[in-house]
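Below you'll find the structure, written out as structure tokens, and then a few comments.
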Amino acid sequence: MADDKAREREAARSIWRHRGRRMATGLNVLVSVGLAGMAILMANVLADRYGMRWNISGRDTYRLSDKTRGLIEGLDERVEVMAFFQRADALFDDVRNLLKEYDYEAAAAGPRRLFVEIVDTDRDIARTRDLAREFGVDRPNVVVFRCGGRRKIVESKDLADYHFSLESGRNVRKRLIGFKGEQVFSSAIQNVVQSSRPTVYFLSGHGERSIADFNPLDGFSGLAT
């Protein structure tokens, strides 16, 4: 009889020890999860306040120049940049990545004056229609810059230099040789933030070349454009 009671007491102690170990394990897991959550939260807060980025691609295609960063930091008015681009366009990735750099610099400059949005015209049809009406756009693959009542539209063909070569069968091959997005975008920003446009005068009547002449050797039509 005494042996039975001893075994019962030992079994009860074993059950309590097992429960204690389970509670300790659960508490350890809970504490570990809590600490991990706090670490992630702190990392996000620090990243938001003291964010740093490194270019590991080995390319400087999208790294903004000091002149462009100074332009963004010196903005006094709100400038909106709206890109209406199709993913099938050859420059979609270049435009998107470059505009992300503009957006990052605008956020870091503070207070923010430059606002960038990239609209996928193939996927977000409803928003594309609304914004296209607001910004006065009637075609895809363009970037619109707006400040106050001033607006500048940059087309995809204006963002790159191409080399054209004639292949067999009279086929013309078009090859991208240079992306000049930053030059064009920064020029467009400068264009819309100016309250007054400069006036350009052309002399005539003394044998000067004509701005209405489209001759590739003698005409100045390209300069006029």
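Just the heavy atoms: all of them, side chains too, but no hydrogens, waters or symmetry mates, feed the values below.
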Output all residues satisfying salt bridge (charged side-chain N to carboxylate O under 4.0 Å, His left out) with [X], sequence neighbours left out; order by chain, then residue number.
X      : result
Arg139 : Glu155
Asp218 : none
Arg127 : Glu117

In chain order, what residues pass the side-chain contact (heavy atoms from CB on, under 4.5 Å) check against [X], with sequence neighbours excluded?
X      : value
Asn141 : Phe85, Gln86, Asp89, Ser156
Asp120 : Arg87, Asp122, Arg123
Asp66  : Arg69
Leu203 : Glu208

TODO: Among Ile, Leu, Val, Met, Phe, Trp and Tyr joined by side-chain contacts under 4.5 Å, find the other residues sharing a cluster with Val137 and list them by chain and number.
DONE: Met82, Phe84, Val119, Leu131, Phe135, Val142, Val144, Ile153
Task: Closest approach of Val184 to Asp158 (non-hydrogen atoms, all atoms of both residues) - done: CG2-O, 3.5 Å
Open item on the list: I'd like to know whether Phe185 forms a side-chain contact (heavy atoms from CB on, under 4.5 Å) with Val81, so could you lay out the CA-CA distance, the side-chain angles of the two residues, the decisive distance to 0.1 Å, and finally the verdict.
Closed with: CA-CA 9 Å; Phe185 289 167; Val81 183; over 6 Å; no
Open item on the list: Tell me whether Asp103 is salt-bridged to Arg96, with the criterion being a basic N under 4.0 Å from an acidic carboxylate O.
Closed with: no
TODO: Answer yes or no: is there a side-chain heavy-atom contact under 4.5 Å between Asp94 and Leu159?
DONE: no
Open item on the list: Suppose the criterion is salt bridge (charged side-chain N to carboxylate O under 4.0 Å, His left out): which pairs have a residue in residues 70-82, not counting sequence neighbours?
Closed with: Glu77-Arg150, Arg78-Glu80, Glu80-Arg146
- [ ] Would you please say whether a donor-acceptor pair under 3.5 Å links the side chains of Ser186 and Thr68?
- [x] yes
- [ ] Check side-chain hydrogen bond (donor to acceptor under 3.5 Å, both in side chains) between Ser187 and all other residues, then give those that pass, not counting sequence neighbours.
- [x] none
Open item on the list: Test of understanding: with side-chain hydrogen bond (donor to acceptor under 3.5 Å, both in side chains), list the residues that count as partners of Arg129, not counting sequence neighbours.
Closed with: none
- [ ] Please step through side-chain contact (heavy atoms from CB on, under 4.5 Å) for the pair Asp213 and Phe220, ending with a clear verdict.
- [x] CA-CA 6 Å; Asp213 189 349; Phe220 269 7; over 6 Å; no
Open item on the list: Using 0.5 Å steps for rounding, measure from the CD atom of Glu182 to the CG atom of Leu64.
Closed with: 5.0 Å
- [ ] Not counting sequence neighbours, which residues clear ring pair (Phe, Tyr, Trp, His ring centres under 6.0 Å) with Tyr102? List them please.
- [x] none
